[in-house]
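Just so we're clear, the structure is a prediction, and the values are computed from it rather than from any experiment. Note on naming: letters A, B, ... go to the chains in the order of the sequence lines (proteins, then strands), and numbering restarts at 1 for each one. Both backbone and side-chain heavy atoms feed into the values below; hydrogens, waters and symmetry mates do not.
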Protein chains: 2
Amino acid sequence: MKKKRISITDIANALNVTPSTVSRALNGGGKVSEKKRNEILALAKELGYRPNPIAKSLLENRTNTIGLIIPEFTHHFYSRMLAGIESVTSEAGYQLLICTSNENQAQEIKSTQTLLDARVDGILATISKMNDKFEHIQEEMDSGTPLVLVDRFSEEIETPYVISDDFKGAFSAVDYLCEIGCRNILHIKGPDNLSTTFNRFMGYKEALRKHEIELKEELLLESSDTNLLEKIRFCLTNHQVDGAFTYSDYLAFEIYKVASELNIPIPEQLSVIGYADEPISTYINPTLSTVNQQPFEMGAFGANYLLNKINNPEIALEIKNLETRLVIRGSCKGLEG
Amino acid sequence: MKKKRISITDIANALNVTPSTVSRALNGGGKVSEKKRNEILALAKELGYRPNPIAKSLLENRTNTIGLIIPEFTHHFYSRMLAGIESVTSEAGYQLLICTSNENQAQEIKSTQTLLDARVDGILATISKMNDKFEHIQEEMDSGTPLVLVDRFSEEIETPYVISDDFKGAFSAVDYLCEIGCRNILHIKGPDNLSTTFNRFMGYKEALRKHEIELKEELLLESSDTNLLEKIRFCLTNHQVDGAFTYSDYLAFEIYKVASELNIPIPEQLSVIGYADEPISTYINPTLSTVNQQPFEMGAFGANYLLNKINNPEIALEIKNLETRLVIRGSCKGLEG
DNA sequence: GTATATTGGTCAAACGTTTGACCTAATATC
DNA sequence: GATATTAGGTCAAACGTTTGACCAATATAC
């Protein structure tokens with residue numbers, strides 16, 4: 001059984017003063033003599049008094065809690081983001097209430113409700129992949145609870161965002177491939193209807209344009225393609241592919257597989273760049289070049305942003321595009337060609 | 001600004017009844033006519049009434065919240081465990097309050113205090129690697145808040161545990177290596193003073209004993225060894241090592257590195273088994289055999305255990321040893337070999 | 001010596017909810 | 001027709017804390 005914790009009233013009774021006096025002694029609101037103050041402080045310490053935040057919450061209509069909804073925990077990207085968030089919130093003295101959507105909108109809706117019910121002071125969320133309903137978000141915003149969305153963007157929701165600059169990230173990768181001499185650069189796109197998929201593709205296109213390389217439809221694949229491996233094989237065999245840029249690191253590994261099968265050496269004949277900088281990238285052989293999205297910083301930035309918004313509701317609606325970092329490893333030829 | 005949510009009193013005033021009546025109408029405590037009940041329910045729905053759990057918590061001295069302390073988020077093991085925990089708690093209608101210790105005991109102590117202050121109904125924790133103080137845990141237990149420890153065990157703390165059966169897990173791995181004919185099996189131990197390190201080593205020893213293989217000191221390394229790579233190299237060169245069992249998958253990859261350097265083919269000349277089944281194991285070449293600890297199930301089991309303990313404080317103190325699963329992949333010869 | 005300010009407190013309301021005790025009017029029992 | 005029961009409610013306390021309003025006693029100003 002949870003023991004009854006000692007309360008301000010207990011202390012007050014023990015010393016024959018009123019709870020108000022004890023409260024003021026503890027919080028320094030004046031109106032209490034030095035002598036009484038010391039008595040009270042001493043007894044509070046002796047009894048191990050700890051204020052009850054529940055009571056305070058009820059009174060102040062704030063919980064010092066922020067709610068988090070993420071699609072899942074197991075992707076390295078989200079764990080790192082979570083770590084970034086936690087570092088900021090714990091530093092600021094906020095609690096973190098966590099829900100997951102499992103990329104499932106029904107669960108996302110339920111989580112939103114749960115967090116609103118819990119009276120969190122603000123919500124940090126990454127919307128799930130499958131999204132076609134937005135009423136719950138609208139309800140969230142109507143409630144006056146600050147909302148900051150991270151990682152994924154949706155035209156339908158007008159609220160502050162903290163996202164990674166996918167366009168520039170992809171551009172820097174493909175630009176690098178061009179610089180080292182690649183001319184037939186394969187791209188594997190991500191899932192449909194994600195802003196990230198679109199933006200990375202646009203970055204790819206823009207880099208080709210810059211280097212005056214024609215975009216070839218036959219070098220475009222999609223992660224959802226049935227028989228993706230076979231399509232990669234066809235591509236590598238017939239189109240003199242000398243570079244590849246993929247939506248994710250895992251898709252890059254699919255290219256590794258096919259290349260090894262076809263005895264195409266990486267990076268000598270084929271330079272590969274993935275996306276996300278999964279830790280595995282440094283263990284695979286050859287180590288994978290990739291675009292690091294700095295998820296920790298993203299989470300930290302988002303959390304800071306939200307805390308600001310909580311304490312200053314008039315803060316401007318902003319879409320913050322965070323810089324990425326191109327990480328070149330063994331899967332790419334060097335710059336000298 | 002967070003909007004004032006509508007309360008039971010608001011409804012009561014609007015309908016000229018007392019809050020008690022509204023409460024009873026909503027919670028079905030009788031004492032309210034069908035007609036009034038319907039009126040109240042209708043208005044509550046129309047106004048979007050949602051009960052305030054803060055007020056309820058204050059009254060009932062329970063928060064429907066459980067606190068979690070984990071060493072870090074980014075290890076796959078902990079993310080999976082977290083996912084398991086979340087699946088159970090959310091299903092049971094409990095909130096999850098998350099803290100991290102960063103493997104740092106000072107922070108662990110602070111987190112414990114934070115969670116107790118928040119009046120969580122129970123705590124689920126993995127103690128940090130560096131632990132020599134236990135007062136905070138004692139204080140936790142004295143508070144009457146149920147505590148369940150997961151993953152790591154300590155002699156000093158008497159409380160329910162949910163841990164993975166490291167002994168059996170290691171035994172099954174080394175037993176397998178013996179079965180396929182390995183006779184000189186290298187073992188790389190984990191960090192000192194972790195129960196897992198000890199138990200996996202004991203499993204290794206027991207398997208050797210079963211197969212009447214002598215334990216050779218020169219085949220034992222430690223993850224903390226300076227110049228570990230060099231020591232592995234020495235071992236592989238001079239001791240006809242034909243099998244390796246490591247405390248973690250990452251240590252197994254170190255063996256991969258050295259083996260590739262020395263042109264020792266895996267699995268033809270050297271069979272390797274790691275521990276933890278990190279996702280990377282299936283991407284590396286050859287794919288890594290490993291011991292899966294079923295972290296999701298572990299988290300789920302721990303959460304269930306804690307919820308039981310919350311609702312029935314008299315539950316027996318138990319140390320639950322969860323089964324592991326040996327996963328054989330490309331890094332081991334087959335059984336016929 | 002009167003008016004004013006200061007010190008050190010108390011009182012009560014408020015936050016939103018639940019719940020046991022109480023009340024009243026109608027109905028049932030004999 | 002007197003009494004007991006019941007249905008349908010109200011009242012007030014309780015959870016722990018904060019805070020504005022109030023009050024008495026003392027100190028200060030002139």
| message | Return a single string for nucleotides 10-17 of chain D, one symbol per nucleotide in 5' to 3' order, where B is base contact, S is sugar-phosphate-only contact and - is none, cutoff 4.0 angstrom on heavy atoms. | response | BBB-BBBB
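- For the pair B/Ile40 CD1 and C/dT18 P, the interatomic distance rounds to 13 Å; values are reported in whole Å.
- Judged as a salt bridge (Lys or Arg N to Asp or Glu O under 4.0 Å), and not counting sequence neighbours, the contacts of B/Glu103 are B/Arg152.
- Rounded to an integer number of Å, the gap from B/Glu34 CD to D/dG9 P is 11 Å.
- For B/Ser154, the side-chain contact (heavy atoms from CB on, under 4.5 Å) partners are B/Ile127, B/Phe134, B/Glu156, B/Ile157, B/Tyr161, not counting sequence neighbours.
- Remark: B/Glu297 engages B/Gln294 in a side-chain contact (heavy atoms from CB on, under 4.5 Å) (not counting sequence neighbours).
- In this structure, B/Thr159 contributes its side chain and B/Leu147 its backbone to a donor-acceptor pair below 3.5 Å.
- Regarding A/Lys35, its NZ atom lies at a distance of 15 Å from the C1' atom of C/dT7, rounded to whole Å.
- The phosphate of D/dG9 (OP1 or OP2) has a side-chain N or O of B/Lys36 nearer than 4.0 angstrom.
- Residues passing the side-chain contact (heavy atoms from CB on, under 4.5 Å) test with B/Ala92 are B/Tyr94, B/Leu307, sequence neighbours excluded.
- Counting only residues at least two apart or in different chains, ring pair (Phe, Tyr, Trp, His ring centres under 6.0 Å) contacts with residues 55-85 of chain A are absent.
- Direction change of the helix axis from one end of the helix from C/dG1-D/dC30 to C/dC30-D/dG1 to the other is 50°, with five pairs defining each end axis (rounded to 10°).
- With sequence neighbours excluded, no residue forms a salt bridge (Lys or Arg N to Asp or Glu O under 4.0 Å) with A/Arg62.
- Listed by chain and number, the residues in a side-chain contact (heavy atoms from CB on, under 4.5 Å) with B/Lys35 are B/Ser33, B/Glu39 (sequence neighbours excluded).
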